[in-house]
Amino acid sequence: MSTVLVTGGTGFIGSHTVIALDKSGFDVVIADNLSNSKTEVLKRLHTICGKDFRFYKADCCKREELEPVFRENKIDAVIHFAGLKAVGESVSKPLEYYSNNINSLLTLVGLMKDYKVDELVFSSSATVYGESEDVPFTEESPLGMCTNPYGWTKWMQEQMLRDFSKAYPEFKIALLRYFNPVGAHESGLLGEDPRGIPNNLFPYISKVAGGTLEKLTIFGGDYDTEDGTCLRDYIHVMDLAEGHVKAINYLATNDTGINVFNLGTGKGTSVLEAVRAFEKACGHEINKEIGPRRPGDIAVSYASTEKAEKLLGFKATRTVEEMCSSCWNWQTKNPDGLPDDN
């Protein structure tokens, strides 16, 4: 049985990926500093999977905290989620984003080299494509036109890994650029549970629909789209999690060096369309208004998914309606999110 280290494994995408890995027969070790997650996630994972996962409270920027994970376990592959990820926040806190995201990767890859762990799946983002007319984005679309510090950190991390791959050709690396992960586990036990006011659309809609927040402000109604709101490629988090399992399997059976894959649905949904789908899921209208554009946002972003389908055998199957219903199930069962750590 292969052992996969999941950094950021108690976070939104990380925790759902732990479930998918476990279901596929992998042994999983989790490292997370809990800056944007809670230990309750580990209890929920136990309920869903019927087992406890080995957990390390570790900051990936600090070698002294992360090294015991490698020293005490025989790690075969790593999925690196740990990082700051809110576009809007990155505009106001660029130093924190550059420091955290770049240093965490440098520390991790240094340890992988020292402990001869040579398979890495890296959590990248469609933000590396920036503001381009070239939609749908393919893996060969132009890069380096990022519109916010978060996107630039992902672009820089990808470049770091390309340089690393050239110097150490024994490494096998998959860069997964995903678009807009949403939804929740079908049990309603795990979902997106950000600390404080949500930065992302679906958890914000959920809290407005549930009455925790008063009103949804849609950032911009004058984009060059059919209804004036941004067009995004929303992908169910469990589809995305299963894509990571496909990537791990691909690295194990291919001598690839470095490879890039888009993970999305291959079609765009406008913000207003997403809100209407959520209104159907929750059974009532959501209090909303159109506000000014948000710095760093682009009008249209969706994926070409042909490469992932051809090489990974990955295809997203869950609909926007399923994304909304799973979000609402999570919200109604956890109106205040997960309980805080004591």
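These numbers come from the heavy atoms of this one structure, side chains and all, not from hydrogens, waters or symmetry mates.
- Ring geometry, His185 versus His16: the interplanar angle falls from 30° to 60°, so the pair is classed tilted.
- Summarising the geometry of Val69 relative to Leu5, their closest heavy-atom pair is CG1-CD1, 3.7 Å, with the distance given to 0.1 Å.
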Side chain to side chain donor-acceptor pair (under 3.5 Å) evaluation trace for Tyr97 with Glu89
CA-CA 9 Å; Tyr97 272 69; Glu89 184 182 62; 2.6 Å; yes
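- Side-chain atoms of Thr17 come within 3.5 Å of backbone N or O of Ile13 as a donor-acceptor pair.
- In this structure, a donor-acceptor pair under 3.5 Å is absent between the side chains of Glu65 and Tyr56.
- Ring pair Phe261/Tyr250 is perpendicular by interplanar angle, where above 60° counts as perpendicular and below 30° as parallel.
- For the pair Leu201/Ile218, no side-chain contact is recorded, criterion being any heavy-atom separation below 4.5 Å from C-beta on.
- Looking only at distances, a side-chain donor or acceptor of Glu279 sits under 3.5 Å from a matching main-chain atom of Ile286.
- A salt bridge (Lys or Arg N to Asp or Glu O under 4.0 Å) with Lys38 holds for exactly one of Asp193, Asp341, Asp336; it is Asp193.
- Contacts of Asp114 classified as salt bridge (Lys or Arg N to Asp or Glu O under 4.0 Å), with partners at least two apart in sequence or in another chain: Arg63.
- A centroid separation of less than 6.0 Å is found between the aromatic rings of Tyr234 and Phe202.
- Arg162 has a carboxylate O that lies under 4.0 Å from a charged side-chain N of Glu158, or vice versa, which qualifies the two as a salt bridge.
- A salt bridge does not link Lys116 to Asp118: none of the charged nitrogens lies less than 4.0 Å from a carboxylate oxygen.
- Heavy-atom contacts from other residues, nucleotides or ligands closer than 6.0 Å to CD of Glu67 number more than 12.
- Ring planes of Tyr178 and Phe81: tilted class, angle from 30 to 60°.
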Throw together a table of side-chain donor-acceptor distances under 3.5 angstrom for residues 305-312, partners on residues two or more places apart or in other chains.
| from | atom 1 | to | atom 2 | distance (Å) |
| --- | --- | --- | --- | --- |
| Lys307 | NZ | Asn259 | OD1 | 2.7 |
| Lys307 | NZ | Val260 | O | 2.9 |

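- Counted by atom type alone, Ser325 and Glu322 present zero donor-acceptor pairs between their side chains at under 3.5 Å.
- Applying the 6.0 Å contact sphere to CD of Glu64 captures more than 12 heavy atoms from other residues, nucleotides or ligands.
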